[in-house]
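In what follows, a structure is listed as structure tokens, so that the remarks can point back to it.
Quick note on labels: first sequence line is chain A, next is B, and so on, each numbered from 1. For the numbers below, each heavy atom of this structure counts, side chains included, while hydrogens, waters and symmetry mates do not.
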2 protein chains.
Amino acid sequence: MAESSTPSRERIVAGAADLISRRGLNATSIRELAKHAKAPLGSTYHYFPEGKQQLATEAVQYAGAAVARILRKELDEGPVAGLRAFLALWRGIVVESDFHAGCPVLAVAVEEPPADEIPPALVAAAEAFEGWEQLLAQSLRGHGADPERAPGLAALIVASVEGAIAMCRAKRSMQPLDQVAQQLEVLIAGALDDSA
Amino acid sequence: MAESSTPSRERIVAGAADLISRRGLNATSIRELAKHAKAPLGSTYHYFPEGKQQLATEAVQYAGAAVARILRKELDEGPVAGLRAFLALWRGIVVESDFHAGCPVLAVAVEEPPADEIPPALVAAAEAFEGWEQLLAQSLRGHGADPERAPGLAALIVASVEGAIAMCRAKRSMQPLDQVAQQLEVLIAGALDDSA
DNA sequence: GCTAGACTATGACGAGCGTTATAGCCAGAG
DNA sequence: CTCTGGCTATAACGCTCGTCATAGTCTAGC
């Protein structure tokens, strides 16, 4: 349980999230992953005996939890502050990678499952999205938004930001994310109780 | 130019768009593509001598143009009608594929370019997004929306629908797309001139 | 009928894949 | 010092990949 004595394992997971966010899940090899994390190939199968599937699942969970943590903290200042932090987080990732990196959760979500079973990594992606939506919806409700509309607004936020990240990468421009940011801010501000 | 006598070529391109929308670009092999289009492997290199890159580019252009055509037609009835057609189009693809297929343009947009050059397929993806946005923005402006806000709204529509498609696949539920549809309809209706 | 050119069939090339197996290292417990 | 067990190193397995080359088939035009 306590892998605190093994930074190698966490380095592999974090590196996997990064590499998957760039290349996509199926296009990321375990050999690349090991090299990227400066870990030997054998170690990946030592730490993740179920192979690539387990590694991908943990990478998605890792990224999902990291974003949720930031979101939870910034939402203390209200939905608009949380939205801004959410946007700034992704903006930083796209800009600092020169449009090479995106969202690992989205990357996993857009690859076909084997038709007869649902891979755990895809389930983890769904849970990551759901977690972000619930944090946003809860904050919206808590600041005077129509409780019936809050989940829809939260879904719109997550969906539009995820889509905008991909559009930024294709266009090699931050314009889509900035446009979405502006529209969302107006929309959210208008949906909140003015007294808040 | 006139490949009307060769349905094989178009079948390959259409099949490529479908397969890429499911598996992702890097995870789709030319052998699978040929088999899916019932064409021999050699034919793909006959029709697309520049290989996978050319095939991917044409597949993205094909899908982008097909969506643009539908959008252009339905936007004649106004922005809300166009939005509904846009949503219904993707909804059909996701539902009929049992959450296996998505948007091929998004699939190409989320895979890392080789760092030193921009692959033509990625350029095609950017152009597809841009085309959809311009059609939507033009219709919004033409129906009384604030001309300065129209491009931002159009970007929000495309981004949120693309993101919602991916979320639907992960959750194996149409809820995200339906939530986004509802929020967008309210938003767009409110942004239009009431006299229209 | 015959010839040219578009298409198909087939197989090979080196490379990389996920995964497994086995042997070696090396710190810490006894 | 010895021994144990977590970690590493290395090689190999069968497979698929993108791409290319070559030979075969078929159809249109003369």
Members of residues 22-36 of chain B that approach DNA chain D, where some heavy atom sits under 4.0 Å away: Thr28(B), Ser29(B), Ile30(B), Arg31(B)

Gap between atoms CZ and C1', on Arg11(A) and dC7(D) respectively (whole Å): 13 Å

Lys38(B) NZ to dA9(C) P, straight-line distance once rounded to whole Å: 14 Å

Arg84(A)/Glu74(A) salt bridge by N-O under 4.0 Å criterion: no

Spacing between Gln53(A) atom CD and dG18(C) atom P, to the nearest angstrom: 13 Å

Check ion pair Arg23(B)-Glu32(B) (N to O, under 4.0 angstrom): yes

His46(A) vs Leu41(A), nearer the 5' end of DNA chain D by closest nucleotide: His46(A)

Check: Thr28(B) main-chain N/O paired with Lys52(B) side-chain donor or acceptor under 3.5 Å: yes

Rounded distance (Å) that lies between atom P of dT19(C) and atom CZ of Phe48(A): 13 Å

Enumerate donor-acceptor pairs with a distance under 3.5 Å from any side-chain N or O in residues 62-70 of chain A to protein atoms, sequence neighbours excluded.
none

Integer-rounded Å distance: dC20(D) P and Lys52(B) NZ: 14 Å

Ionic contact status for Asp146(A) with Arg141(A), cut-off 4.0 Å: no

Listed nucleotide nearest any side-chain atom of Pro40(A), set dT8(C), dC7(D), dA9(D): dA9(D)

Lys171(B) with Glu127(A): basic N within carboxylate O range, under 4.0 Å: no

